[in-house]
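One structure is given below, encoded as structure tokens.
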Amino acid sequence: MNKSIMLIAGVIISVCFVIFSTAIFESLYYESEFSLSMYENNLYVTVGLVSVGLAWAIAALYYYLINSVSFSRWYHWMVMLLATSVLSPIVNYVLCENTFESDGYDFSSQLFNFSLRVFAVEIVLFVIVSFAMRWWSSNCRHTPIPE
């Protein structure tokens, strides 16, 4: 029962993050022209979807596809955390930069600062997702913190 509650909580938090991604990201980084362009191009929602999608995908990769006894220590989990928290800002940077270039804007420095916030948010998302889905893994369910 507790396992299902953790999964449901993880899904609800993920959905709420996507729904409120504009408010969350603007509270973390606001620069008037940059934020207006992000809002007008609906990029906050795109960044939220990519961040949540990568967190769930990489956690599923770790807990269900890799799912190996020899890769079930806390430092292996940290490798996956680092991978997702580096990959998400890179993917989001490229998506946003392509949109801005097509509109004729140069927000490189603002986008870099924004990507640092995405890095931090992705760490939180991956931890939440890990605790939501780890329970059904046969070999990695004790990672990052034993039951």
Side-chain angles (χ1 to χ4, degrees), residues 1-67 71-137 140-145:
M1 182 68 169
N2 289 336
K3 298 174 186 179
S4 298
I5 291 172
M6 294 294 278
L7 178 63
I8 292 168
V11 170
I12 289 171
I13 291 169
S14 297
V15 169
C16 288
F17 177 77
V18 171
I19 291 171
F20 299 112
S21 59
T22 301
I24 292 167
F25 284 124
E26 282 193 348
S27 70
L28 294 173
Y29 183 77
Y30 183 82
E31 198 279 335
S32 59
E33 289 182 42
F34 172 77
S35 298
L36 181 63
S37 294
M38 289 285 288
Y39 183 78
E40 287 176 348
N41 290 306
N42 205 26
L43 289 174
Y44 286 121
V45 175
T46 303
V47 169
L49 285 169
V50 168
S51 298
V52 167
L54 280 173
W56 281 93
I58 293 179
L61 173 74
Y62 176 72
Y63 286 109
Y64 302 113
L65 293 178
I66 294 174
N67 194 22
F71 201 72
S72 65
R73 301 280 187 248
W74 67 270
Y75 46 86
H76 298 125
W77 178 85
M78 287 293 277
V79 168
M80 301 306 280
L81 171 69
L82 184 62
T84 189
S85 31
V86 168
L87 186 62
S88 179
I90 291 171
V91 170
N92 285 313
Y93 184 95
V94 170
L95 287 171
C96 293
E97 183 68 22
N98 289 340
T99 302
F100 291 146
E101 281 181 0
S102 68
D103 290 344
Y105 295 121
D106 181 24
F107 289 125
S108 300
S109 62
Q110 293 95 335
L111 196 51
F112 177 78
N113 289 329
F114 179 73
S115 294
L116 293 176
R117 276 50 172 209
V118 172
F119 176 84
V121 166
E122 191 68 25
I123 290 171
V124 173
L125 283 172
F126 189 77
V127 170
I128 290 169
V129 169
S130 290
F131 280 94
M133 69 169 30
R134 75 183 195 156
W135 308 106
W136 294 277
S137 174
C140 296
R141 72 176 162 266
H142 303 291
T143 308
I145 299 170

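Please read these numbers as outputs of a predicted model, since none were measured by experiment.
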Run the side-chain donor-acceptor check on residues 9-16: report pairs under 3.5 Å with partners two or more places apart or on a different chain.
| residue | atom | partner | partner atom | Å |
| --- | --- | --- | --- | --- |
| Ser14 | OG | Gly10 | O | 2.8 |
| Ser14 | OG | Trp56 | NE1 | 2.8 |

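One distance of note links CG of Leu82 with CG of Leu87; it measures 10.5 Å at 0.5 Å rounding. Between Leu81 atom CG and His76 atom NE2 the span is 14.5 Å, to the nearest 0.5 Å. For the atom pair CG (Leu61) and CG (Asn67), the distance works out to 10.5 Å, reported to the nearest 0.5 Å. We find the CG-CD1 distance between Leu65 and Ile58 to be 12.0 Å, quoted to the nearest 0.5 Å. In this structure, OG on Ser115 lies 11.5 Å from CD on Gln110, to the nearest 0.5 angstrom. Rounded to the nearest 0.5 angstrom, Ile128 CD1 and Met6 CE are separated by 10.0 Å.
Between Tyr29 and the choices Phe107, Tyr44, Phe112, Phe34, the ring-ring contact (aromatic ring centres under 6.0 Å, His included) rule is met once, by Phe34.
Between Trp77 and Tyr63, the distance from one ring center to the other does not fall under 6.0 angstrom.
Side-chain contact of Glu26 with Ser35: a donor-acceptor pair under 3.5 Å is absent, judged by distance alone. For the residue pair Asn92 / Ser88, a side-chain donor-acceptor distance below 3.5 Å is found, with atom types taken as modelled.
Side-chain contact between Ser37 and Phe100: present, with at least one pair of heavy atoms (C-beta onward) separated by less than 4.5 Å. Side-chain contact between Met80 and Phe71: present, with at least one pair of heavy atoms (C-beta onward) separated by less than 4.5 Å. Under the 4.5 Å side-chain criterion, counting only non-hydrogen atoms from C-beta, Met38 is in contact with Val47. Between Val79 and Tyr62, every side-chain heavy-atom pair lies at or beyond the 4.5 Å cut-off. Within the 4.5 Å cutoff, no side-chain heavy atoms of Met78 are placed close to those of Pro144. You'll find the side chain of Asn2 stays beyond 4.5 Å of the side chain of Trp135, heavy atoms only.
Shortest non-hydrogen contact noted between Ser21 and Val45 is OG-CA, 3.5 Å. The heavy-atom pair separating Cys96 from Leu111 by the smallest distance is CB-CD1, 3.7 Å. Contact detail for Thr84 and Pro89: the closest heavy-atom pair is O-CD, 4.3 Å. Between Ala60 and Met133, the shortest heavy-atom contact is N-SD, 3.4 Å. The minimum heavy-atom distance linking Arg141 with Arg134 is given by the pair CB-O, 3.0 Å.
A search for ring pair (Phe, Tyr, Trp, His ring centres under 6.0 Å) contacts involving Phe25 returns Phe17, Phe114, not counting sequence neighbours. Shown here are the ring pair (Phe, Tyr, Trp, His ring centres under 6.0 Å) partners of Phe119, two or more places apart in sequence or in another chain: there are none.
In this structure, Ser51 contributes its side chain and Glu122 its backbone to no donor-acceptor pair below 3.5 Å. Remark: side-chain polar atoms of Thr46 are paired, donor with acceptor, to backbone N or O of Asn42 under 3.5 angstrom. Ser102 places a side-chain N or O within donor-acceptor distance of the main-chain N or O of Thr99, the cut-off being under 3.5 Å.
Within a 6.0 Å radius of OH in Tyr105, other residues, nucleotides and ligands contribute 12 heavy atoms or fewer.
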